[in-house]
Amino acid sequence: MPLGRSRNKKNASSSSSSSYTSTITTIAFVAVCVIGVWMLTSNSIVPPQTTTRTGKTTTSSSASTATTDNNNNNNNNNVDLPSNDNEPNTEQNKNAQTAFEDNPGDLPLDAIKSDDPKSHLNDQNIDASVKTSTGGEEKVDSQPLNVKESTDEPEKVQTEAKTQISDETTNVIQKVAEENPDTGEQSRNQNTQQKENVDTAVTSLDSANQEVSQEANPDQEQPRPEEKQEKQEDKQQQQQQEPELKQEPELKQEPELKQQPELKQEPEKVEIVKEQEQQRKEDAGIQLTTPDPRNEVSEEDQQERMKQQQQQERETQNEHPKPEQPQQQQPQQEDQQQQQQEQHQFDDQTSPKKDEIEDKKPENETEVENQQKQQGGEITASVIEQEIKNETKIEMKANGETALPGMGTNAGIPKESKESKKTWSTQAKESENQKERRQEGKVDKYGYDWELCNVTAASDYIPCLDNELAIKKLKSTKHFEHRERHCPHEGPTCLVSLPPGYKKPILWPSSRDKIWYHNVPHTLLAAVKGHQNWVKVTGEFLTFPGGGTQFIHGAMHYINFIQSAVPNIKWGKNTRVILDVGCGVASFGGYLFEKDVLTMSFAPKDEHEAQVQFALERGIPAISAVMGSHRLQFPSRVFDLIHCARCRVPWHDDGGMLLLELNRMLRPGGYFVWSATPVYQKISEDVEIWKEMSALTVAMCWELVTIKKDKLNSVGAAIYRKPRNNRCYDHRKKNFPPMCESNDDPNAAWYVPLHPCMHRVPTEKTERGTQWPVNWPSRVETPPYWLNRSQMGIYGKPAPQDFTIDFAHWHNVVKNSYMKGLGISWAGVRNVMDMRAVYGGFAAALRDLKMWVMNVVNVDSPDTLPIIYERGLFGIYHDWCESFSTYPRTYDLLHADHLFSKLKTRCRLTPVMAEVDRIVRPGGKLIVRDESNVIGEVEKLLKSMRWEVHLTFSKDQEGLLSAQKGDWRPENYSASPW
């Protein structure tokens, strides 16, 4: 039965009471009314929460809590949570009916708990009152609430609530009249007005909830006209039962009710709204509740509960305690709050307003978004945009964490150890002649107004090779100094233009044989070398018959010819990583892929225009470099074989300085294949070169294994082998070429001038170079024999163990995250660069795919590049504060693991990101793993260049970003080349 006595029952007798009793009764009545209106005003901002009267459990929506706690911008969309409609309607379900239900059915758009500290005051008071009313321990129900219920149930509950309110009002009035007959009539008149005001407020609340519900759920079934008519008849009947109550002006509360959710959006209005709420308390003077009629309590219990709530309210206002969280949710929410603080350090700068983003979202959110909101995963605006397109699907772990391997505390691999850096040398230390760079603390220009590079090279611009001002200042070009790197002090902050008619590159393996002409619109090489089957112009394509100067009839025949000359070469097993000097269009390296051989091809940017660009457009690894006055950017003793086919390098000049550079890079016991006219022609010039070359190789202790002639191509090749010990060096009659000084580090290769000397071969069993690596493919997973367990690895563990952990880590990341969760079509990826490789684990994880990875070891990082070569991969030293030696638009994917956060201490990110844009092809991808705040800066710069950011993810101060380059280019040219 309803709370209080029946409204139609009259008290037959009344006795006068003392004025003291009347005063106490009036005060108690006013206090009850104040508490009631407080509960009314709090209903519009409290997320769905139900409490049973059994004093044992309190059921709350964990999904809603996670959503509101994790979204600092207060997402206003309703979430489709799992429904319990399929569960049987047992007696247990009946007992679980709510005693208090706030906004049953669909939540209003603004009825989401605010993260604003001021708006938490109402939540704190409500939590305290609910805890007092239950009289028991709170527990979290494992089943989420069904937020979207039918429209009939909310209407029924609200109708019962209004009837109940009227009953309570009349009962309280009658009780006061019984106790104090002198003031009874006066109290009756006052409370008649109060009751009508409250009825009006309830009607306004119903109207507001219905309007917001319709806006938030336009597809939801609306109440039928018959139901509305029945509701109105019930209202009329209820009013007829109260003829003694007078009609008063309606309380204009609906606008205020609609403004209540703005508390979380405009904190400065909190005080004004509080005053309005206090005024409503004084005007209404009665409590609005929606009790379940099935849970009956006596009038005395109700008054006792009101007193307890009043006392709790006073304590809450004085102490302002934080809302008490269920024990099962508290640890999770603490982690979420910490994550929010880290993520929002850059979210406000990097993401558009979430209100605008949410307006663009579909009404039915994807399953991925629902899972992330329920589990409390932090996602940025870029993730939402990508998920709308259904391109990003992030797997969720059973425990609710996002399944992005290598992220957060469960990365599976520790951070780099500071102690380990003491045991590893770097190129910066090894290379005494490394350029010193000034550390600048400038702030990146977010929202940068990009311009096209105003340079002579136009769409083929390589900043460190096309520095015309530096080249003009050179005193000599005898040793091809003008083909070497001359980088500006700071990288360009302009974007390179696209050639007219540029198209999406042809995919591998078709690209090995043909490319689009307009992508590399150069025909000079076809005119000069077409008869040697280098390249030909065929309609809108440039075709590559697979020939070369020394293998006109095809590279594959030539490759087999070398194998037959020296069977011990064993392509793809014993010989895995080779260097091709003066590669031309790199057909030799392109066809060696069929033999499972990885070829580092290089040639200068010279009159053979775009030869390296042709190679990269075909999907063949290559760099622009020259054998001039400086060492190449490779470690010592790493290449299994070095090849030169008419490479036009004067090996015998300057005391054999260039050939000695090959000796530095060649592995002990490795082969040098020299296919050139001095080997097989008898022209006087060639004969003289052959004599000098023969004397030089003997002095270097190289063994001439064989001279083999290829009858099909009418060429010959001389194959030499480097010694595996120092016996020959020790028994030479002349110290020419001289042996290098003991302090000359053979691994130093960053801007180190060439010296005409030889380094001794290592002899200790624990030294690198005393043993040949195990055959491919076993070598990719095998820790090098010379990694000492006593040496600390990069991540703080013994070096061999570090190697194994790194390999397992990247295998897991690539398999479970990159291949599934980034929305990347890996079938279109061929040329890949790891911008900050450590042990080469990322490249090793991709070894079974039809792609190759250029591993870049930064000059200020531990020198692990020899380990990468030892496992059958390749790479190069580089400093990303400078431009890379490659043509524009040559890589399909760049991978940067904690690169940009380290670069920020030495150079600005703006020119670095301009370099990233230069290297990546239109449609190419970028994957960044770094600190959360750095991810935000990178995202801003990418968006300023019109890149499409597919995914940003942050956890435990670590972030992940995936983006794709478009074909946008600025319209204006820069005033200067930089």
Side-chain angles (χ1 to χ4, degrees), residues 457-466 483 485 496 498-499 502-522 525-526 529 534-535 541-544 546 548 555 578-593 598-606 608-626 633 828-835 843 846 850-856 874-876 878 883-895 915-926 965:
S459 60
D460 295 337
Y461 179 46
I462 304 176
C464 289
L465 299 181
D466 294 320
R483 306 295 185 193
R485 292 172 57 85
V496 177
L498 288 175
Y502 182 86
K503 296 182 180 181
K504 181 179 179 180
I506 298 173
L507 299 182
W508 181 269
S510 299
S511 62
R512 188 188 68 178
D513 302 327
K514 65 178 181 180
I515 63 173
W516 296 110
Y517 162 76
H518 288 290
N519 288 11
V520 190
H522 298 288
L525 205 58
K529 296 291 185 178
W534 280 36
V535 57
F541 298 103
L542 291 171
T543 57
F544 300 87
I578 73 170
L579 180 69
D580 188 15
V581 182
C583 62
V585 296
S587 290
F588 179 69
Y591 281 86
L592 273 173
F593 275 112
L598 203 55
T599 306
M600 175 70 75
S601 303
F602 77 93
K605 187 177 184 182
D606 56 10
H608 289 169
E609 58 178 6
Q611 52 187 336
V612 169
Q613 191 175 16
F614 284 138
L616 289 164
E617 184 71 15
R618 297 171 68 188
I620 303 171
I623 61 169
S624 290
V626 66
Q633 298 100 303
V829 176
R830 172 64 181 174
N831 303 355
V832 181
M833 178 185 291
D834 191 355
M835 299 178 71
L846 298 173
K850 300 298 182 181
M851 60 184 67
W852 56 269
V853 180
M854 178 70 72
N855 293 280
V856 178
F874 65 4
I876 193 171
H878 185 61
S883 177
F884 193 77
S885 295
T886 189
Y887 279 84
R889 306 172 303 279
T890 50
Y891 282 84
D892 300 303
L893 186 144
L894 299 187
H895 178 260
E915 175 67 4
V916 168
D917 181 87
R918 187 186 72 88
I919 293 175
V920 177
R921 293 169 170 172
K925 287 83 175 177
L926 171 67
K965 179 181 175 180

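Below, each value reflects all heavy atoms present in this structure, side chains not excepted, and no hydrogens, waters or symmetry copies. In this text the structure is predicted, and so the values were computed from the model without any measurement.
Using modelled atom types, one finds a donor on one side chain and an acceptor on the other under 3.5 Å when comparing Asp606 with Gln611.
A donor-acceptor pair under 3.5 Å is absent between the side-chain atoms of Gln633 and the main chain of His878, judged by distance alone. In this structure, the side chain of Arg889 does not engage the main chain of Leu498 through any donor-acceptor pair within 3.5 Å. A donor-acceptor pair under 3.5 Å links the side-chain atoms of Asn855 to the main chain of Phe874, judged by distance alone. In this structure, Asn831 contributes its side chain and Thr890 its backbone to a donor-acceptor pair below 3.5 Å. With hydrogens and angles disregarded, a donor-acceptor distance shorter than 3.5 Å links the side chain of Lys925 to the backbone of Gly923. With hydrogens and angles ignored, the 3.5 Å screen pairs a side-chain donor or acceptor of Lys965 with a backbone N or O of Asp917. Judged by distance alone, the side chain of Arg830 and the main-chain N or O of Gly619 form a donor-acceptor pair under 3.5 Å. Arg483 places no side-chain N or O within 3.5 Å of a backbone atom of Ala603 that could act as its donor or acceptor partner.
In this structure, Phe614 and His522 approach most closely via the heavy-atom pair CZ-O, 3.6 Å. Closest approach of Pro499 to Asn519, counting heavy atoms only: CG-O, 3.9 Å. Taking all atoms of both residues into account, the shortest heavy-atom contact from Val520 to Ala610 is CG1-CB, 4.0 Å. The minimum heavy-atom distance between Ile620 and Gly589, with the atom names listed, is CG2-C, 4.2 Å. The two residues Ile462 and Pro888 make their nearest non-hydrogen contact at CG1-CD, 4.5 Å. Considering all non-hydrogen atoms of both residues, Phe884 and Ile919 come closest at CB-CD1, 3.9 Å.
By the 4.5 Å heavy-atom criterion applied to side chains, Ile876 and Val856 are counted as neighbours. Looking at heavy atoms from C-beta onward, Phe602 lies in side-chain contact with Val581 at the 4.5 angstrom threshold. Side-chain contact between Met854 and Thr886: absent, with no pair of heavy atoms (C-beta onward) separated by less than 4.5 Å. Contact of the Arg512 side chain with the Tyr591 side chain is registered, since non-hydrogen atoms from C-beta on lie closer than 4.5 Å. No side-chain heavy atom of Glu617 sits less than 4.5 Å from a side-chain heavy atom of Leu542. Taking 4.5 Å as the limit, every side-chain heavy atom of Val920 sits out of range of all side-chain heavy atoms of Leu926. Side-chain contact check for Val853 versus Met833: every heavy-atom pair is 4.5 Å or farther apart. Between Phe588 and Ile578 the shortest side-chain heavy-atom distance falls below 4.5 Å.
Residues Tyr891 and Trp852 place their aromatic rings such that the two centres sit under 6.0 Å apart. Remark: aromatic rings of Trp534 and Phe544 are distant, center separation not under 6.0 Å.
Here OG of Ser459 is found 10.5 Å from OH of Tyr887. Values are rounded to the nearest 0.5 Å. The structure places CG of Asp460 at 8.5 Å from CD of Glu609, a figure rounded to the nearest 0.5 Å. Atom CG in Leu894 sits 9.5 Å away from atom CD in Glu915 (nearest 0.5 Å). Note that CG of Asp466 and OG of Ser883 are 9.5 Å apart. Values are rounded to the nearest 0.5 Å. Distance OG/Ser587 to CG/Leu592: 11.0 Å, rounded to 0.5 Å. To the nearest 0.5 Å, atoms SG (Cys583) and NE2 (His608) are separated by 11.5 Å.
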(Q) With side chain to side chain contact (heavy atoms under 4.5 Å, CB included) as the criterion, how do Trp516 and Phe541 come out once you've worked through the C-alpha distance, each side chain's angles and the decisive distance to 0.1 Å? (A) CA-CA 5 Å; Trp516 296 110; Phe541 298 103; 3.4 Å; yes
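With Phe593 as the aromatic partner, Arg618 does not meet the cation-pi criteria of under 6.0 angstrom to the ring centre and within 45 degrees of the ring axis. For Lys850 and Trp508, the positive end is not near the middle of the six-membered ring at less than 6.0 Å and at most 45° from its axis.
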